[in-house]
Amino acid sequence: MKGLKKTCGCGELRAKDVGKEVTLMGWAHRVRDHGGLIFVDVRDRTGIVQAVCDPQKSPSAYEVMKDWRSEFVVALRGKVERRPPGTENPNLPTGEVEVIVEYAETLNPSLPPPFPIRDGIEVEEITRLKYRYIDLRRPKMVRNTYYRYKFTKAVRDFMEKEGFWEIETPILIKSTPEGARDFLVPSRLVPGSFYALPQSPQLLKQILMVSGVERYFQIARCFRDEDLRADRQPEFTQIDIEMSFVDRDDVMDLTERMLRYSFKEAFGIELDVPFPRISYYEAMERFGTDKPDMSFDMELKDVTDILSGSSFRVFADAVRDGKCIKAIKVPQSFTITRQMVDRLTDMAKEEGAKGLAVIPLGEEKSSYVAKFLTREELNNLAQRLSAERGDVLLLVADEWEIACSALGRIRLFLAGEMALRRKGFHLLWVTDFPLFKYNREEKRIEPSHHPFSAPLDEDIPLLDSDPLKVRGKVYDVILNGNEIGGGSIRIHNSELQAKVFKIIGIDEKMAEERFGFLLRAFQYGAPPHGGIALGLDRIVALALGEESIREVIAFPKTQTGSCPLTEAPSPVDEIQLKELHLKIE
RNA sequence: GGGGUCGUGGCGCAGUCCGGCUAGCGCGCUUGCCUGUCAAGCAAGAGGCCGCGGGUUCAAGUCCCGUCGACCCCGCCA
């Protein structure tokens, strides 16, 4: 490319550029050779523009261009001209103009691409990942890559303005057995010892608070060795934030403004702030989940009181055993078939419910359940759910959490079936999570968030009497039913921390082994602090309307954690293992 | 660890239920023709371990067993 300099992006040319002499460099997107006249769509990350070569006017350029094939890397110089009337292409942003080629050069040939570089094609994901460099040339992937960068940049700009410092924390850290499974890295210098890759910079950012940083953030890579999903990769990126001398409202307010700014800046999307805030209890009561999808209604109602004296055994027994009865209404516009009832019942059972009661209002005789209910009970139910003749009520009688989540699951499913979801970005905070949960299998109390989250002040007395009732200064931020972030105010008082450790079965010795460095730090003047971590991949995927975070990660891994492009993971040399003092079974 | 869907030229698919001649279609690819196309057109052509291994059978893309891989989900993800 002797002396040639690219002067503009292919997709940038418009009618106003007519008359300009330009040099384009990019990929031959499509070549249409008419024997005497060649059209080449030249593509780069800005888009596509049509170049035309007339052999009569530029015979030497013609000789070069007639050999061009898909994805050849090309350079050409020429004049931007308005297309002849009737040949404009309204499907192309550059469709009013074309470049009349005067000089052409092949910078590099290319094999035919394994799949077309076009949106809307269906190619096996493994093929896309194996040839990810080809896949990333597709317009949608160019867009996703760009917007992810814009979003990250906006976050950094915002945090800078708010007085936060971006600080890197180590990737090789100490393994702590809580939470997810760690990725381990063997130490060569200390035989038999291992580093872990961070599941999040949690402990280090708290230590930065002790060190007086006051306002920290990081676009942090995190690692969890757990099974993958559409929204879960073994390595993913968090917007990690920690602040000193703040309470919950400060963190939530900061987060709202950060999201509002960055969504506007990167995606042009306006978010309304503040986001609604509801407690965990209210979320479960009304939506049957701790991450409610607020893009549609169909709320759960408690009907325990109405059916407490029911002659239907299941209901009566449930109430007698201190359980509760929840209900949702399915409007008559949606027909529930026998098959549908079976599917819904299976869902309820998967959430631990014994069954699902179906009451078609107006057709009580056909319902096994409704036959047992009095006119008054039916009327009260209809009133509580604002239901009319023709609507169908679905009820679950069980322990509070099971009844709620069973109907919560059904609510989500029906929203899909009935196409209830409204467009837009529906955000909310869920707060006041229980600080602990009971693990039935292991018969022990564990932290529901992490062991450093502080309890609500008014619940501190419950730590001794009824720890499972203690609520934490914990908050999750939810976008259209997806958890996109969560955080808490941390414990900065050693006595309180010791008490919490005790409840979750961590004695002094274990605490010292696992978190000794943090506890020691806390003895040297730890400020009150709290923070939040947001899932960058999920946020960008949701903002761009992608189903999977793999669509917004340049080089993601398959469901078995492998990379078809580089073929990681792979076996290593015997010598490498030996140096690391490892033997493979 | 479990459930579901899938695997056939480079890509996307049909054929598999109900075994039977030369495995078919669209796109792409190669060659030729073609001066206003933009999913260019026309003509000719090349290209297949039907994921892999084993079995049943006169005969397997098709039936059986095993195995590998992809995607979705449950478990798991403080």
Side-chain angles (χ1 to χ4, degrees), chain A residues 29-43 48-57 62 66 69-71 81 83-92 94-95 98 100 110-118 120-131 134-135 176-182 199-200 202-203 222-234 236 346-347 349-352 409 413 433-437 439 441 445-453 472 474 483 486 488 500 504 506 514-515 533 535 547-548 550 556-562 564:
Chain A
H29 185 64
R30 228 181 278 277
V31 183
R32 294 178 292 281
D33 184 349
H34 286 233
L37 192 65
I38 299 181
F39 296 94
V40 178
D41 294 335
V42 186
R43 189 197 70 241
I48 286 175
V49 70
Q50 172 167 285
V52 197
C53 181
D54 185 332
Q56 239 111 67
K57 292 179 191 159
Y62 180 82
K66 73 176 171 43
R69 297 289 182 273
S70 282
E71 298 312 301
E81 287 194 3
R83 291 195 187 191
T87 66
E88 300 90 351
N89 185 349
N91 301 321
L92 229 49
T94 61
E98 60 192 6
I100 310 297
S110 170
L111 292 173
F115 49 86
I117 303 185
R118 192 176 0 123
I121 50 160
E122 278 176 33
V123 181
E124 287 258 7
E125 212 164 324
I126 191 163
T127 311
R128 293 179 55 200
L129 293 182
K130 183 173 174 188
Y131 299 97
I134 303 287
D135 193 43
T176 55
E178 281 74 27
R181 192 177 296 112
D182 280 328
Q199 298 175 24
S200 84
Q202 182 62 38
L203 304 183
C222 306
F223 306 86
R224 293 179 190 175
D225 190 4
E226 297 291 346
D227 287 354
L228 288 80
R229 289 283 189 286
D231 62 350
R232 274 169 23 198
Q233 284 273 304
F236 61 100
D346 285 346
M347 282 177 210
K349 284 181 177 165
E350 275 173 38
E351 295 298 323
R409 168 103 180 260
F413 173 77
F433 280 79
L435 202 54
F436 307 106
K437 63 185 176 199
N439 184 323
E441 288 85 60
I445 294 176
E446 25 176 64
S448 65
H449 193 234
H450 67 62
F452 307 105
S453 294
V474 178
E483 184 193 332
S488 64
V500 167
I504 57 178
I506 297 180
R514 293 178 193 180
F515 318 113
E547 302 272 326
S548 164
R550 293 189 299 271
K557 302 206 169 25
T558 68
Q559 195 155 48
T560 48
S562 68

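Atom set for the values below is all heavy atoms of this structure, side chains included, hydrogens, waters and symmetry mates excluded. So you know, we letter chains A, B, ... as the sequences are listed, proteins then strands, and number each from 1. None of the values given here were measured: they were computed from a predicted structure.
- With rounding to whole Å, A/Glu122 atom CD is found 9 Å from B/G12 atom P.
- Atom P of B/G66 sits at a distance of 39 Å from the matching atom of B/G26, rounded to the whole Å.
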Between the protein and nucleotides 42-50 of chain B, which nitrogen or oxygen pairs come in under 3.5 angstrom?
none

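- Residue A/Arg69 is in sugar-phosphate contact alone, with no base atom involved, counting any heavy-atom pair closer than 4.0 Å across all strands shown.
- Under the 4.5 Å side-chain criterion, counting only non-hydrogen atoms from C-beta, A/Thr558 is in contact with A/Pro564.
- A/Gln50 is listed as a side-chain neighbour of A/Arg32, based on a closest heavy-atom distance under 4.5 Å.
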Extract from the structure each pairing of a protein N or O with an N or O of nucleotides 2-8 of chain B at less than 3.5 Å, listing the distance.
none

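- For A/Glu98 against B/G36, a side-chain-to-base donor-acceptor contact under 3.5 Å is present.
- Across all strands shown, B/C17 remains unpaired; no Watson-Crick or G-U wobble contact has both distances below 3.5 Å.
- The phosphate of B/U37 (OP1 or OP2) has no side-chain N or O of A/Gln50 nearer than 4.0 angstrom.
- Atom CD1 in A/Ile38 sits about 16 Å away from atom P in B/C38, given to the nearest Å.
- The separation between A/Leu37 atom CG and B/C34 atom C1' is 11 Å, rounded to whole Å.
- Across all strands shown, A/Arg550 has heavy atoms under 4.0 Å from sugar-phosphate atoms exclusively, and none from any base.
- Atom P of B/U56 sits at a distance of 23 Å from the matching atom of B/C68, rounded to the whole Å.
- Between the CG atom in A/Leu435 and the CD1 atom in A/Ile445 there is a gap of 10.5 Å [rounded to 0.5 Å].
- B/G9 sits 15 Å from B/U62 when the P atoms are compared, rounded to a whole Å.
- In terms of modelled atom types and a separation under 3.5 Å, the side chain of A/Arg30 and the main chain of A/Asp41 share no donor-acceptor contact.
- Straight-line distance between the P atoms of B/G51 and B/G10: roughly 13 Å, to the nearest whole Å.
- Counting non-hydrogen atoms under 4.0 angstrom, A/Gln199 reaches nothing in the nucleic acid.
- Note that CZ of A/Arg83 and OG1 of A/Thr94 are 6.5 Å apart. Values are rounded to the nearest 0.5 Å.
- Residues A/Phe436 and A/Val500 form a side-chain contact, since some pair of their non-hydrogen atoms from C-beta on lies under 4.5 Å apart.
- Residues A/Ile38 and A/Lys66 form a side-chain contact, since some pair of their non-hydrogen atoms from C-beta on lies under 4.5 Å apart.
- Here A/Thr560 reaches the OP1 or OP2 of B/A70: one of its side-chain N or O atoms lies under 4.0 Å away.
- Across every strand in view, B/U31 sits in a pair with B/A43 that passes the Watson-Crick or G-U test at under 3.5 angstrom.
- Within 4.0 Å (heavy atoms only), A/Asp54 reaches at least one base atom of the nucleic acid.
- We find that the ring of A/Phe39 and the base of B/U37 stack, their centres lying under 5.5 angstrom apart and their planes tilted less than 30°.
- Across all strands shown, A/Ser562 has heavy atoms under 4.0 Å from sugar-phosphate atoms exclusively, and none from any base.
- The line from NZ of A/Lys57 to OH of A/Tyr62 is 14.5 Å long, rounded to the nearest 0.5 Å.
- B/C11 atom C1' lies 16 Å from atom CD of A/Glu125, rounded to whole Å.
- Counting to the nearest Å, the C1' atom of B/C72 and the CG atom of A/Asp231 are 12 Å from each other.
- Residue A/Pro84 is classed as a base contact, given a heavy-atom separation below 4.0 Å to a base.
- Side-chain atoms of A/Arg232 come within donor-acceptor range of the base of B/C77, with a qualifying N/O pair under 3.5 Å.
- Counting heavy atoms from C-beta outward, A/Pro112 and A/Ser70 have side chains that stay 4.5 Å or more apart.
- Nearest-nucleotide assignment on RNA chain B puts the 5′-proximal partner with A/Val123, out of A/Val123 and A/Arg229.
- Residue A/Gln233 is classed as having no contact, given no heavy-atom separation below 4.0 Å to the nucleic acid.
- Across the strands present, B/C77 finds no partner; the criterion is a Watson-Crick or G-U wobble pair with both atom distances under 3.5 angstrom.
- Taking atom P in both B/G55 and B/A60, the straight-line distance is 12 Å, to the nearest Å.
- Rounded to whole Å, the P atom of B/C64 lies 15 Å from the corresponding atom of B/G20.
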N/O to N/O distances under 3.5 Å, protein versus nucleotides 39-41 of chain B:
residue	atom	partner	partner atom	Å
B/A40	OP2	A/Arg30	NE	3.0
B/A40	N6	A/Asp33	O	2.9

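- The backbone N or O of A/Asp227 sits less than 3.5 Å from a side-chain atom of A/Arg232, completing a donor-acceptor pair.
- Comparing the C1' positions of B/U5 and B/C13 gives an interatomic distance of 16 Å, to the nearest angstrom.
- Residue A/Asp135 is tested with A/Arg550, A/Arg128, A/Arg118 for a salt bridge (Lys or Arg N to Asp or Glu O under 4.0 Å); the sole match is A/Arg128.
- A 4.5 Å side-chain heavy-atom check between A/Ile117 and A/Arg43 finds at least one atom pair inside the cut-off.
- Between the side chain of A/Arg181 and the backbone N or O of A/Asp225 there is at least one donor-acceptor pair closer than 3.5 Å.
- B/C74 and B/A14 have their P atoms separated by 27 Å, given to the nearest Å.
- Heavy-atom nearest nucleotides on RNA chain B were determined for A/Thr87 and for A/Pro55, and the one closer to the 5' end corresponds to A/Pro55.
- Other residues, nucleotides and ligands contribute only 12 or fewer heavy atoms inside 6.0 Å of the OH atom of A/Tyr131.
- The backbone N or O of A/Gly86 sits less than 3.5 Å from a side-chain atom of A/Glu88, completing a donor-acceptor pair.
- Across every strand in view, B/G69 sits in a pair with B/C6 that passes the Watson-Crick or G-U test at under 3.5 angstrom.
- The CD1 atom of A/Ile134 sits 13 Å away from the C1' atom of B/C11 (whole-angstrom rounding).
- The base-pairing partner of B/G26, taking Watson-Crick or G-U wobble contacts with both distances under 3.5 Å, is B/C11.
- Rounded to whole Å, the distance from CD on A/Glu547 to P on B/C73 is 9 Å.
- One atom, CG of A/Asp135, and another, P of B/G12, lie 12 Å apart when rounded to the nearest Å.
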